[in-house]
Amino acid sequence: MSLPQIGDLAAEVADMIQEWSESYGLEFSSSFNVTGGEPFMRGDIFEILEEIAKNGFELYLLTNGILVDGERAGRLAGLRVRGVQVSIEGPEAVHDSIRGKGSFSSALKGVRHLLDAGIVVTLNTTLSAVNADTFLQMLDLCCSLGVQKLGFSRLVPSGRGREMLASMLDATRVQELYETIFSAETKGVTLVTGDPVASQMSAEVEGDEGSVPCGGCAAGLSGLTILPDGTITPCRRLPIPIGNVREDSLREVWALSPVLNALRDRSGYKGKCGTCERWAVCRGCRAIACGYSQSKGDGDFLAEDPQCFL
């Protein structure tokens, strides 16, 4: 997409949210998470961020940290970017085994530049059998650097993640790991995660929560992903095309997409996700469910979350 097209997209989203707010009396916390690939590979990344920001959106950036120098960190601060997430997969040996030799030290240089610029930083780890045993060491790393937040997510077995299918944690190991994480001394570091299963560990459920989704997985509920060519998908880890912003009305896609409406319809969910009393506030991770189902020859985005232990 060209810079003007991205600007038009941001304006369209802003108008859509404004009309929803006025029509339904709702308050929105609207934001753009700019990611990749690697967003700094695009030469006009700062112009893109400016286009988005001028339409009133909060800005967040996801990066591997390697291309962040002092000047770029300062420009991000000048644009009032609310936070930057840097992918760190574990201690140096573990991280470099996944992301390439030397990438750990390069990423930490970027993290230090971001912190020096006054930006809130989240180190995020994608959990698998490769790094599960070393995750808590990330708390010490955050403390030593002065990083404010530590995030985690589960491996999604699609895209490049498909090559690590054998490293997916089983449900029992996920439960053990999450119990260890949430009982750990965080040393002033805030733990964050978008994993709907993890969010249920401290949630109280009184009977069945119903058939209207109101939390949990964001797919079909609270976000969309726009790929570089304008393709729309339910989330960045769920590679199901549902339209293209260069040709389709985003508002119509949101309202009429069969895929999005299926994600909102409890009756189509398979396995334990379809019968779970927490469906409305969880629904499992649809990207993991789809990727794992695809590895078994189905590719059903309404399949049960294979790592749910609740």
Side-chain angles (χ1 to χ4, degrees), residues 124 126-129 132 151-159 161-162 164-182 191-225 232-242 253-310:
N124 191 78
T126 300
L127 298 171
S128 69
F152 60 91
S153 54
R154 288 180 280 148
L155 172 70
V156 178
S158 63
R162 190 176 305 166
M164 296 183 65
L165 177 65
S167 295
M168 279 188 68
L169 303 170
D170 62 28
T172 299
R173 183 67 182 99
V174 172
Q175 180 179 13
E176 294 172 348
L177 179 59
Y178 282 4
E179 289 174 348
T180 299
I181 290 172
F182 288 124
L191 288 173
V192 294
T193 182
D195 184 353
V197 172
S199 69
Q200 293 305 304
M201 294 187 68
S202 60
E204 295 184 4
V205 177
E206 299 180 2
D208 197 298
E209 295 287 342
S211 298
V212 177
C214 56
C217 181
L221 182 63
S222 59
L224 286 173
T225 290
I232 309 167
T233 66
C235 100
R236 68 191 184 98
R237 301 300 189 195
L238 189 57
I240 303 175
I242 57 175
V253 170
W254 182 256
L256 302 176
S257 165
V259 171
L260 295 184
N261 283 317
L263 287 165
R264 301 164 184 150
D265 183 358
R266 179 172 183 166
S267 67
Y269 279 66
K270 311 298 194 307
K272 60 184 179 183
C273 283
T275 58
C276 181
E277 63 183 5
R278 299 172 182 265
W279 181 88
V281 292
C282 180
R283 296 180 295 136
C285 175
R286 292 299 94 212
I288 291 175
C290 184
Y292 186 77
S293 175
Q294 190 172 43
S295 74
K296 302 300 182 182
D298 295 326
D300 186 355
F301 62 88
L302 300 178
E304 69 177 26
D305 185 326
Q307 294 172 308
C308 179
F309 51 84
L310 298 170

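Since the structure is predicted, the reported quantities are computational estimates derived from the model, not experimental observations. Throughout, numbering of the chain's residues begins at 1 and tracks the sequence.
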Visitor: Do the side chain of Lys272 and the main chain of Cys308 share a donor and acceptor less than 3.5 angstrom apart?
Guide: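 Between the backbone of Cys308 and the side chain of Lys272 there is a qualifying donor-acceptor contact (under 3.5 Å).
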
Visitor: Test side-chain contact (heavy atoms from CB on, under 4.5 Å) on Val197 and Arg154 and set out the steps.
Guide: CA-CA 10 Å; Val197 172; Arg154 288 180 280 148; 3.5 Å; yes

Visitor: At their closest point, which heavy atom of Ala287 faces which heavy atom of Val156, and how far apart are they?
Guide: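 Looking at all heavy atoms of both residues, the shortest contact is O-CG1, 3.7 Å.
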
Visitor: So, Arg162 and Gln294: side-chain donor and acceptor under 3.5 Å apart, yes or no?
Guide: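 Note: Arg162 and Gln294 side chains meet the donor-acceptor criterion.
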
Visitor: Passes salt bridge (charged side-chain N to carboxylate O under 4.0 Å, His left out), Arg266 versus Asp208? Steps please.
Guide: CA-CA 12 Å; Arg266 179 172 183 166; Asp208 197 298; 2.8 Å; yes

Visitor: For the pair Asp170 and Gln307, evaluate side-chain contact (heavy atoms from CB on, under 4.5 Å) and give the outcome as yes or no after the intermediate values.
Guide: CA-CA 6 Å; Asp170 62 28; Gln307 294 172 308; over 6 Å; no

Visitor: CG/Leu155 to CG/Leu165 distance, rounded to the nearest 0.5 angstrom?
Guide: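 Here the interatomic distance stands at 8.0 Å.
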
Visitor: Under a 3.5 Å threshold, yes or no: a donor from one side chain and an acceptor from the other, between Thr193 and Asp195?
Guide: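 Not at all, the side chains of Thr193 and Asp195 share no donor-acceptor pair under 3.5 Å.
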
Visitor: For the pair Asp300 and Arg286, find out whether any cationic side-chain nitrogen is under 4.0 Å from an anionic carboxylate oxygen.
Guide: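 Looking at Asp300 and Arg286, the cut-off is not met.
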
Visitor: Please check: side-chain N/O of Arg283 versus main-chain N/O of Cys217, any donor-acceptor pairing under 3.5 Å?
Guide: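 Side chain of Arg283 to backbone of Cys217, a donor-acceptor pair under 3.5 Å: yes, one is there.
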
Visitor: Could you pull out the closest heavy-atom pair between Trp279 and Asp265, with the gap in Å?
Guide: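 The answer is CZ2-C, 3.9 Å.
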
Visitor: Check Leu169 against Ser128 and note the closest heavy-atom contact, atom names and distance.
Guide: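 Heavy-atom minimum between the residues: CD2-C, 3.7 Å.
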
Visitor: Whether the Tyr292 and Asp305 side chains hold a donor-acceptor pair (N or O, under 3.5 Å, no angle test) is what I'd like checked.
Guide: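 Judged by distance alone, the side chains do not pair up.
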
Visitor: I'd like to check Glu179 versus Phe309 (side-chain heavy atoms, cut-off strictly below 4.5 Å). Are they in contact?
Guide: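 In short, these two side chains do not touch, never coming nearer than 4.5 Å.
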
Visitor: Before you tell me yes or no, could you show the steps for Thr233 and Ile240 under side-chain contact (heavy atoms from CB on, under 4.5 Å), namely the whole-Å CA-CA distance, both residues' side-chain angles and the distance that decides it to 0.1 Å?
Guide: CA-CA 5 Å; Thr233 66; Ile240 303 175; 5.8 Å; no

Visitor: Are the side chain of Gln200 and the backbone N or O of Gly284 linked by a donor-acceptor pair below 3.5 Å?
Guide: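 Between the backbone of Gly284 and the side chain of Gln200 there is no qualifying donor-acceptor contact (under 3.5 Å).
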
Visitor: Can you tell me how far CD of Glu176 sits from OG1 of Thr172, rounded to the nearest 0.5 angstrom?
Guide: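 If we round to the nearest 0.5 Å, Thr172:OG1 and Glu176:CD are 6.5 Å apart.
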
Visitor: Which heavy atom in Phe182 sits nearest to a heavy atom in Ala198, and how many Å separate them?
Guide: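 Nearest pair, atom of Phe182 first, then Ala198: CE1-O, 4.0 Å.
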
Visitor: Hey, could you give me the OH/OG distance between Tyr178 and Ser202, rounded to the nearest 0.5 Å?
Guide: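 These two atoms lie 12.5 Å from each other.
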
Visitor: Can you measure from CD1 (Ile181) to CZ (Phe152) and round to the nearest 0.5 angstrom?
Guide: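 Between atom CD1 of Ile181 and atom CZ of Phe152 there are 4.5 Å.
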
Visitor: Quick check for you: to the nearest 0.5 Å, what is the distance between Leu221 atom CG and Cys214 atom SG?
Guide: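 Taking CG in Leu221 and SG in Cys214, the distance rounds to 8.0 Å.
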
Visitor: Grab the two heavy atoms, one from Ala289 and one from Pro306, that are nearest each other, plus how far apart they are.
Guide: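 Heavy-atom minimum between the residues: CA-CD, 4.1 Å.
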
Visitor: Nearest 0.5 angstrom please: Leu310 CG to Cys282 SG, how far?
Guide: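 Leu310 CG to Cys282 SG: 7.0 Å, rounded to 0.5 Å.
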
Visitor: Glu304 side chain to Gly274 main-chain N or O, any donor-acceptor pair under 3.5 Å?
Guide: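 Between the backbone of Gly274 and the side chain of Glu304 there is no qualifying donor-acceptor contact (under 3.5 Å).
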
Visitor: Might you point out which heavy atoms bring Pro196 and Cys285 nearest each other, and give the distance in Å?
Guide: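 Answer, listing the atom of Pro196 first, then Cys285: CG-N, 3.8 Å.
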
Visitor: With side-chain contact (heavy atoms from CB on, under 4.5 Å) as the criterion, how do Ser153 and Leu127 come out once you've worked through the C-alpha distance, each side chain's angles and the decisive distance to 0.1 Å?
Guide: CA-CA 6 Å; Ser153 54; Leu127 298 171; over 6 Å; no

Visitor: Taking the side chain as every heavy atom from C-beta outward, state whether Thr225 and Leu238 have any pair of such atoms under 4.5 Å apart.
Guide: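 Side chain of Thr225 against side chain of Leu238, heavy atoms only: no contact under 4.5 Å found.
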
